[in-house]
Q: 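Sharing a structure, written as structure tokens. Questions coming.
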Amino acid sequence: LKVCQCRSKELAECYEHSGMADYTSYKIENYRADYLGDPKKREKIRSELLRFMSGQNEDNESSLCIFSAAPQTGKTFLAIVICKTAINLGKSAYYCKCEDLAVIGTDTLEDLKRIDFLVLDDFADSVTMTNNVGSILNNILEIRAASKLPTVLVTPFPKNELVNKCDMRISGKLSSAKLISKEGR
């Protein structure tokens with residue numbers, strides 16, 4: 001299933017309502033495997049994220065994924081184009097910065113619990129300790145996990161550091177999360 005070109009205006013509106021209004025030029029065909037690093041590793045990461053988004057996980061695999069790589073390596077670009085791909089495939093999807101959970105409206109927060117695919121960018125342990133983000137995120141992750149809905153946390157930090165330093169309600173969820181990492185950490 002794919003959105004046809006004749007519906008491009010509706011598709012653009014869908015991107016806008018899904019938190020990606022500022023990223024109109026981000027397209028999956030512009031993702032370069034040879035950008036800053038090993039092309040095979042970058043292609044593997046892209047494939048893993050696409051597989052995770054589409055629900056092609058192993059039976060016991062977590063519905064929470066941590067996508068970790070160093071700053072300025074294209075994490076945000078890839079996360080946005082995967083989210084857009086989900087929409088192109090007819091899924092409901094949403095992208096936002098983790099810190100923005102504190103200012104998103106109640107209706108949108110409720111929607112985040114049920115959409116098909118969620119990407120939370122700039123995830124950091126410090127964010128979970130401010131502005132009630134830890135509590136909000138915990139609630140979203142619990143409900144999404146119960147429904148096995150894929151959620152991606154995009155971060156420059158290693159998983160073990162996040163598990164050790166995050167709000168304790170989030171740490172437990174992170175410890176069993178799938179890890180997709182450029183560095184293989």
Side-chain angles (χ1 to χ4, degrees), residues 12 14-54 57 62-89 91 93-104 112 115 117-131 133-134 136-137 140-141 144 150-167 170-171 173-175 177-185:
C14 190
Y15 291 154
E16 184 175 325
H17 295 301
S18 297
M20 296 174 283
D22 295 336
Y23 306 104
T24 56
S25 65
Y26 287 41
K27 298 180 175 144
I28 195 127
E29 58 267 16
N30 295 337
Y31 179 74
R32 292 182 31 219
D34 63 346
Y35 177 76
L36 288 179
D38 179 3
K40 288 181 182 176
K41 182 69 172 173
R42 285 180 57 86
E43 184 55 35
K44 181 180 179 209
I45 290 169
R46 185 184 73 86
S47 296
E48 284 184 58
L49 282 170
L50 283 168
R51 193 170 39 258
F52 184 78
M53 174 271 298
S54 65
N57 300 329
S62 175
S63 62
L64 179 61
C65 172
I66 298 171
F67 173 30
S68 173
Q72 303 298 311
T73 56
K75 294 182 307 298
T76 295
F77 182 90
L78 183 56
I80 290 168
V81 299
I82 298 294
C83 200
K84 283 184 166 185
T85 299
I87 292 168
N88 286 340
L89 294 172
K91 294 179 178 280
Y94 197 86
Y95 167 88
C96 74
K97 304 279 186 187
C98 195
E99 65 192 23
D100 291 341
L101 291 175
V103 296
I104 290 176
L112 296 183
I115 61 167
F117 183 65
L118 176 61
V119 175
L120 298 171
D121 199 358
D122 292 342
F123 181 76
D125 58 270
S126 59
V127 174
T128 67
M129 305 290 199
T130 59
N131 297 326
V133 170
I136 294 166
L137 183 58
I140 290 170
L141 293 179
R144 292 185 62 76
T151 305
V152 177
L153 301 176
V154 182
T155 183
F157 301 102
K159 180 180 175 179
N160 62 343
E161 181 178 323
L162 294 170
V163 169
N164 291 332
K165 293 182 177 179
C166 275
D167 175 290
I170 308 300
S171 290
K173 292 168 181 57
L174 297 178
S175 62
K178 174 182 177 60
L179 176 63
I180 297 175
S181 175
K182 185 171 189 271
E183 286 78 27
R185 0 177 200 184

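In what follows, residues are counted from 1 in the order of the sequence shown. The model shown is predicted, which means the values in this text are computed figures rather than measured ones.
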Q: Rounded to the nearest 0.5 Å, what separates atom CG in Leu137 from atom CZ in Arg144?
A: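 Result: 11.0 Å between the selected atoms.
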Q: With the side chain counted from C-beta on, respond yes when Leu120 and Tyr94 share a heavy-atom pair under 4.5 Å apart, and no when they do not.
A: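 No - every pair of side-chain heavy atoms lies 4.5 Å or more apart.
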Q: Which pair of heavy atoms, one from Cys98 and one from Val133, lies closest together, and at what distance?
A: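 Nearest pair, atom of Cys98 first, then Val133: O-CG1, 4.0 Å.
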Q: Are Val152 and Ile66 packed together at the side-chain level, in the sense that at least one heavy-atom pair is separated by less than 4.5 angstrom?
A: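 Answer no - side chains too far apart.
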Q: Side chain of Thr155, backbone of Ala124: donor and acceptor closer than 3.5 Å?
A: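 Pair absent, no side-chain N/O of Thr155 close to backbone of Ala124.
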Q: Can you list the residues that meet the salt bridge (charged side-chain N to carboxylate O under 4.0 Å, His left out) rule with Asp125, with sequence neighbours excluded?
A: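 For Asp125, no residue satisfies salt bridge (charged side-chain N to carboxylate O under 4.0 Å, His left out) once neighbours in sequence are set aside.
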Q: Could you tell me whether Arg46 and Glu43 have a side-chain N and a carboxylate O separated by less than 4.0 Å?
A: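 Yes, charged N to carboxylate O under 4.0 Å.
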Q: Could you tell me which non-hydrogen atom of Ala93 sits nearest to which non-hydrogen atom of Ile87, and how far apart they are?
A: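 It is CB-CG1, 3.8 Å.
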Q: Considering only heavy atoms from C-beta outward, does the side chain of Leu64 approach that of Leu141 to under 4.5 Å?
A: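 They are in contact (side-chain heavy atoms under 4.5 Å apart), so the answer is yes.
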Q: What is the distance from atom NZ of Lys97 to atom CG of Asp122, rounded to the nearest 0.5 Å?
A: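 Answer for the NZ-CG pair, Lys97 versus Asp122, is 4.0 Å.
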Q: Checking the side chain of Ser171 only, and the main-chain atoms of Val163 only, is there a donor and an acceptor separated by less than 3.5 Å?
A: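 It does hold such a pair.
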Q: Check whether any side-chain N or O of Ser68 sits under 3.5 Å from a backbone N or O of Ser181 as a donor-acceptor pair, and report yes or no.
A: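 Such a contact is absent between Ser68 side chain and Ser181 backbone.
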Q: Taking the side chain as every heavy atom from C-beta outward, state whether Thr151 and Ile140 have any atom pair closer than 4.5 Å.
A: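 Sidechains of Ile140 and Thr151: no contact.
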Q: Would you find a donor on one side and an acceptor on the other, under 3.5 Å apart, between the side chain of Lys159 and the backbone of Ile180?
A: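 The answer is no, because no donor-acceptor pair under 3.5 Å joins these two groups.
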Q: Got a donor-acceptor contact below 3.5 angstrom from the Asn164 side chain to the Asn160 backbone?
A: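 Confirmed, Asn164 side chain pairs with Asn160 backbone.
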